[in-house]
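Taking it in order: structure first as structure tokens, then the write-up.
Scope of the values below: all heavy atoms of this structure, side chains included, with no hydrogens, waters or symmetry mates. A quick note: this is a predicted structure, and the numbers were derived from the prediction, not measured. Starting from 1, each residue takes its place in the sequence as its number.
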Amino acid sequence: METLKEKKIQIKKEKTVKISGAEAIIHCLLAEGVDLLYGYPGGAIMPVYDELYKFQDKLTHILTRHEQGATHAAQGYARISGKVGVAMATSGPGATNLVTGLADAQIDSTPMICITGQVPRHLLGSDAFQETDIIGISTPVTKWNYQITKASEIPEVMAKAFYIAKSGRPGPVLVDITKNAQFDEFEFSYKKCTGVRSYNPKPKPNSEAIKAAAKLINTAKKPFVVWGQGVILGQAEEELKALVEKAGIPAAWTIMGASALDTGHPLNVGMVGMHGNYGPNILTNECDVLIAIGMRFDDRVTGRLADYATQAKVIHFEIDPAEINKNVHADVAVLGDSKETLNLLLPLLDSNKHEAWHNVFKEKYQIEFDTVIKKDIHPTKDGLTMGEVIEEINIATEHKAAIVTDVGQHQMIACRYAKFKETKSNITSGGLGTMGFALPAAIGAKMGAMDREVVAVIGDGGYQMTIQELGVIFQHNIPVKIVVLNNDHLGMVRQWQELFFDKRYASTVMVNPDFVKIAEGYHIEAKSVSERKDLKAAVQEMIASDKPYFLEVKVEKEDNVFPMIPSGAAVSEIRLK
């Protein structure tokens, strides 16, 4: 006679339903709250796409025109929404086409899951059709990766993938799934991952380190804050603002940290780095305490390391222990989540103003304004400048747009002159410097924040690297605004050739197509302007449109971006011309 316990077990077994690995992938995505992903189908991932077809009411798939476009779209979505972006591709070339986006997401700490199909388990290592070792290829450019060869592995691996991608310092994860694992059936159940052995994503703050940091800040005569994307990723924007306001500290940002603090805030003194503002760069080498928050001391920020802030005591707030003392020695290292550590620091800080120190920043700004900024945004010459285009976008969007930039001169100009009132408004390829990033990233950004104006600012070179993604905008009527600043050159390379290679312009002149006709071919409203009298109206018309819009602005061919720290120079050797 069966016991009650045995009957319950039997009932439970009868309710268990076996599903395929392909269907399990879909259920895992839904369990993690995914409702949008980007990708490109192919033979080795076809079973998952077949299941995806059945779940169209719950999970939207956007067919990009290239797998690289899928990764950048997922990045743009993740950067503006704070969620994990998802991209999917088949094996072989489909998988390898994801690598640039993976590398970009890895260095810029973007949470992303890439799912790839793979040949059946029994063909692994046989050089089968469209087989590549994507695990070996992607290992250096992912936070974690894993190859699934059995369907039963799917729930645990997918849960772990999402946990790793979004926890601590975020990053990309790749999950490779053999075709047999997609077809095989198993008893599915899903449990979200809450921890991984030996992985400590959020170090516990050390109270002594926080006290030591407070002491240095309170006794400083010339304190200076430089913040990076860690403030945005840690959702510590309010804590950053409270810190600089209470202690009266001038604060500057890396390009990845832009928009964490309103660019109009009186304590926001601008951008550091190769093409950053004059004052923040020069005065890095005059401050007595440098407070770095959620930034990694990238070489584009530090210039020549041997001469970087050697006079200052350095306090480094950072979630990733690997970044501590990697490039710049920290006198005080405060490990932990930026929101948590700054909240612990705030009560220990004295109120201060540092008015004399602020006046030095104002003096340096005036020098830069008179020498550089005035001619960039209020030019007197006939030709249009990139700076005045960004200024018109600022005016038309009332500083509320999310600006997505590609890589090159236009990127540096946009980062220098874009005005931001809202966080998560500057979306760019920072660490890898990926040309072709902006157009697909703008698609993802707009789909991640449909209530926000998203403007892609792109150079004529980078635009043509992923121009095919106009097809996605057309097919799905995504109201992205695209501005191509066309100078008929690979502008940043041309600038270096002019300044450091005796004007030998090797392979930097672009013979461009008719960009307006191309946009119109995708049924996107388009316009081109080349004269100042037409610029304001064109920008306003673009922003007023509730549909996708393409605007080409023909700018000066040989304009340079200044200030500039030459490669290998110290931040104090920044050039204004």
Determine whether [X] and [Y] make a side-chain contact, defined as any pair of heavy atoms from C-beta on separated by less than 4.5 Å.
X: P203; Y: I319; value: yes
X: T60; Y: D35; value: no
X: E541; Y: L551; value: no
X: V404; Y: N426; value: no
X: E318; Y: M295; value: no
X: M88; Y: Y38; value: no
X: M271; Y: R416; value: yes
X: P548; Y: N477; value: yes

- Query: Only one of L240, V231, T423 clears side chain to side chain contact (heavy atoms under 4.5 Å, CB included) with L261; which?
  - Reply: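 It is L240; the other options fail the test.
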
Near [X] [atom1], under 6.0 Å, is it more than 12 heavy atoms from other residues, nucleotides or ligands?
X: D127; atom1: CG; result: no
X: E185; atom1: CD; result: yes
X: R300; atom1: CZ; result: no
X: E153; atom1: CD; result: yes
X: K58; atom1: NZ; result: no

- Message: Does D406 form a side-chain contact (heavy atoms from CB on, under 4.5 Å) with V457? I'd like the steps, not just the answer.
- Response: CA-CA 7 Å; D406 214 79; V457 178; over 6 Å; no

Main-chain N/O of [Y] paired with [X] side-chain donor or acceptor, under 3.5 Å:
X: Q475; Y: V472; result: no
X: D176; Y: I134; result: no
X: S429; Y: T434; result: yes
X: N180; Y: T149; result: yes
X: K179; Y: G43; result: yes
X: N394; Y: K419; result: yes
X: D108; Y: G431; result: yes
X: T71; Y: Q68; result: yes
X: N486; Y: K554; result: no
X: T90; Y: G117; result: no

Parallel, tilted or perpendicular: which one describes the rings of [X] and [Y], with boundaries at 30° and 60°?
X: F188; Y: F186; result: perpendicular
X: H61; Y: Y49; result: perpendicular
X: Y199; Y: Y163; result: perpendicular

- Worked verdict on F550 versus Y522 for ring pair (Phe, Tyr, Trp, His ring centres under 6.0 Å): CA-CA 11 Å; F550 172 84; Y522 284 99; over 10 Å; no

Closest heavy-atom contact between [X] and [Y]?
X: G459; Y: V484; result: C-CG1, 4.3 Å
X: L98; Y: C114; result: CD1-CB, 4.1 Å
X: D337; Y: G234; result: OD1-CA, 3.9 Å
X: R121; Y: K150; result: NH1-CG, 3.5 Å
X: A396; Y: V539; result: CB-CG1, 3.9 Å

Pairing of [X] and [Y] as salt bridge, 4.0 angstrom limit:
X: E238; Y: K339; result: no
X: K166; Y: E32; result: yes
X: E520; Y: K517; result: no
X: K527; Y: E552; result: no
X: E525; Y: K547; result: no

Any chance you could measure [X], atom [atom1], to [Y], atom [atom2], to the nearest 0.5 Å?
X: M435; Y: I458; atom1: CE; atom2: CD1; result: 11.0 Å
X: E23; Y: L52; atom1: CD; atom2: CG; result: 12.0 Å
X: K143; Y: L102; atom1: NZ; atom2: CG; result: 14.0 Å
X: E340; Y: E239; atom1: CD; atom2: CD; result: 11.0 Å
X: L123; Y: F129; atom1: CG; atom2: CZ; result: 12.5 Å
X: F437; Y: T466; atom1: CZ; atom2: OG1; result: 10.0 Å

- Walk me through it: do R452 and S425 pass the test side-chain hydrogen bond (donor to acceptor under 3.5 Å, both in side chains)? CA-CA 10 Å; R452 297 197 61 187; S425 292; 2.7 Å; yes

- Passes side-chain contact (heavy atoms from CB on, under 4.5 Å), C193 versus F162? Steps please. CA-CA 8 Å; C193 181; F162 273 90; over 6 Å; no

- Message: If you apply the rule side-chain hydrogen bond (donor to acceptor under 3.5 Å, both in side chains), what do you find for N145 with T139, and how did you get there?
- Response: CA-CA 7 Å; N145 63 15; T139 295; 3.3 Å; yes

- Message: Applying side-chain contact (heavy atoms from CB on, under 4.5 Å) to M158 and I25, what does each step give before you reach the verdict?
- Response: CA-CA 8 Å; M158 290 299 293; I25 290 291; 4.1 Å; yes

- Chi angles and distances behind the side-chain contact (heavy atoms from CB on, under 4.5 Å) call for I255, Q229: CA-CA 8 Å; I255 63 168; Q229 191 189 200; over 6 Å; no

- Message: For a side-chain hydrogen bond (donor to acceptor under 3.5 Å, both in side chains) check, start with the C-alpha distance between R169 and S109, then their side-chain angles and the critical distance, and finish with the verdict.
- Response: CA-CA 6 Å; R169 180 180 181 177; S109 303; 2.9 Å; yes

- Task: Return the set of residues passing side-chain hydrogen bond (donor to acceptor under 3.5 Å, both in side chains) with T508 (not counting sequence neighbours), or none when no residue passes.
- Result: Q497

- Applying salt bridge (Lys or Arg N to Asp or Glu O under 4.0 Å), run through K481 and E453 and close with a yes or a no. CA-CA 8 Å; K481 311 300 167 61; E453 191 71 75; 3.0 Å; yes

- Message: Could you go through Q75 and D104, starting from their C-alpha distance and side-chain angles, then the distance that decides it, and tell me whether this counts as side-chain hydrogen bond (donor to acceptor under 3.5 Å, both in side chains)?
- Response: CA-CA 9 Å; Q75 286 178 273; D104 196 287; 2.8 Å; yes

